[in-house]
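We use all heavy atoms of the structure for the numbers below, so side chains are in, but hydrogens, waters and symmetry mates are not. Letters A, B, ... are given to chains in the order of the sequence lines, protein chains preceding strands, and every chain is numbered from 1.
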Amino acid sequence: MSSPLEQFTIKTLVPINVAGVDISFTNSSLWMFISVISAVSFFMIATSGRKIVPGPFQAFAENLFDTAGNIVSDNIGSGGKAFFPAVFSLFIFVLFGNLIGLVPGAFTFTSHIAVTGAMAMIIFSFVTLFGIFKHGFKFFGLFFPSGAPIVSAPVLIPIEIVSYFSRPVSLAVRLFANMVAGHVLLKVIAGFVVSLGATYILPGIVPFVAVVAITVLEIMVAVIQAYVFAILTCVYLHDAIHLH
Amino acid sequence: MTKKPIRQDIKNLSDLEKQIKNLKSGKKAKKNVSTSGVGLGMKVATDLLAGVLVGVFIGYNLDSYFETKPLWLIVFLMFGLGAGISNVIKTANRLEQENKKNKL
């Protein structure tokens, strides 16, 4: 029987090598393409009717749009409208990646820390550069909580700096760990169905019921993690725009 | 949430406007409450872990650069622990503020 970690292996589909750098088209890239294309086509189909009373697809698309809009307006506050397109695309990209990864046989690109880490680093560097660009030197006031006694600075400033750099790490690790844990759990318990049910059918039913229940749980986790990813992006943007 | 009567005695347009505003704010408050407990738990756990990880990473690299083996590792492990706890406190504070806003 195959290992539960086998589903995460990267396979090169089209080897591309530019100046010694391996930028091959892999199964991860393929599923990124698939999720982007399905997200775009979903929204094109859903919004093609543009009815006043929305059909099921349009209602779903409008709900997603509303959710992202609420995330932006609740967490960034004033001056957040400009970031709505970025946050919305990020939310939809992660959401579709998580959900399409749950289809049997599909590859979950959000289960690789290279992918989530790259997204987190892009967000982190953008937010930092934006903050410095907007506030200049005052941006570094973020590293010293207002109202704290000046004597505590040698302890508080390193703590705040480490805390600031821990943001992309926690953002990346959370999404990646959730996806890996969920998929490994599903695979392990699905393996029990085969090994228990091979001799007698009856004992195999127990893990089968568990797999069905965990699949529902994983769909929930996929949605929640995409939601949390978008919320935290907005929280970091809020800190960069409003400082304290 | 107590259900607001949709139509009280509407005497003029400003009353109607107030009514609409009331209904809208009620709808928004209801949506905010749906922050999930699972997501929050994961967030707190990884925040705590990430602080320590970054602290150890910085400390270890400073050590191998200056060749002062355990010194910076210990110092930045402490800072990392502090950062993790500060992350969690920040999350808790934000949550409390949100709850307060929803209650009003």
Heavy atoms of other groups near [X] [atom1], more than 12 under 6.0 Å:
{"X": "A:F88", "atom1": "CZ", "answer": "yes"}
{"X": "A:F42", "atom1": "CZ", "answer": "yes"}
{"X": "A:F43", "atom1": "CZ", "answer": "yes"}
{"X": "A:F65", "atom1": "CZ", "answer": "no"}
{"X": "A:F165", "atom1": "CZ", "answer": "no"}
{"X": "A:F8", "atom1": "CZ", "answer": "yes"}

>> Under 4.5 Å from any heavy atom of chain B, what part of A:L156 do you find: side chain, backbone, both or neither?
In response: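 Neither part.
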> For A:V235, is it the side chain, the backbone, both, or neither that has a heavy atom closer than 4.5 Å to a heavy atom of chain B?
Replying inline: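 The side chain, not the backbone.
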>> Rounded to the nearest 0.5 Å, what separates atom CZ in B:R94 from atom CD1 in A:I231?
In response: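 Reported to 0.5 Å precision, the distance equals 9.0 Å.
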> Where do A:P154 and B:F79 come nearest, in terms of heavy atoms and distance?
Replying inline: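 For A:P154 and B:F79, the tightest heavy-atom pair comes out as O-CZ, 4.2 Å.
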>> How close do A:R174 and B:K43 get, counting heavy atoms only, and between which atoms?
In response: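 Looks like NH1-CA, 3.2 Å.
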>> By the definition side-chain contact (heavy atoms from CB on, under 4.5 Å), identify the one residue from B:L81, B:V56, B:I58 that meets it with A:V162.
In response: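 The side-chain contact (heavy atoms from CB on, under 4.5 Å) with A:V162 is passed solely by B:I58 among B:L81, B:V56, B:I58.
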> What part of B:F76 gets closer than 4.5 Å to chain A, counting heavy atoms only: side chain, backbone, both or neither?
Replying inline: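 Contact with chain A is through the side chain of B:F76 alone.
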>> For the interface with chain B, which of A:A177, A:S170, A:A172, A:P168 has the highest count of heavy-atom pairs at distances below 4.5 Å?
In response: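 Among the listed options, the one with the most contacts to chain B is A:S170.
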> Can you pull out the residues in residues 46-54 of chain B with any heavy atom less than 4.5 Å from chain A?
Replying inline: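 Within residues 46-54 of chain B, the residues under 4.5 Å from chain A are B:T46, B:D47, B:A50, B:G51, B:L53, B:V54.
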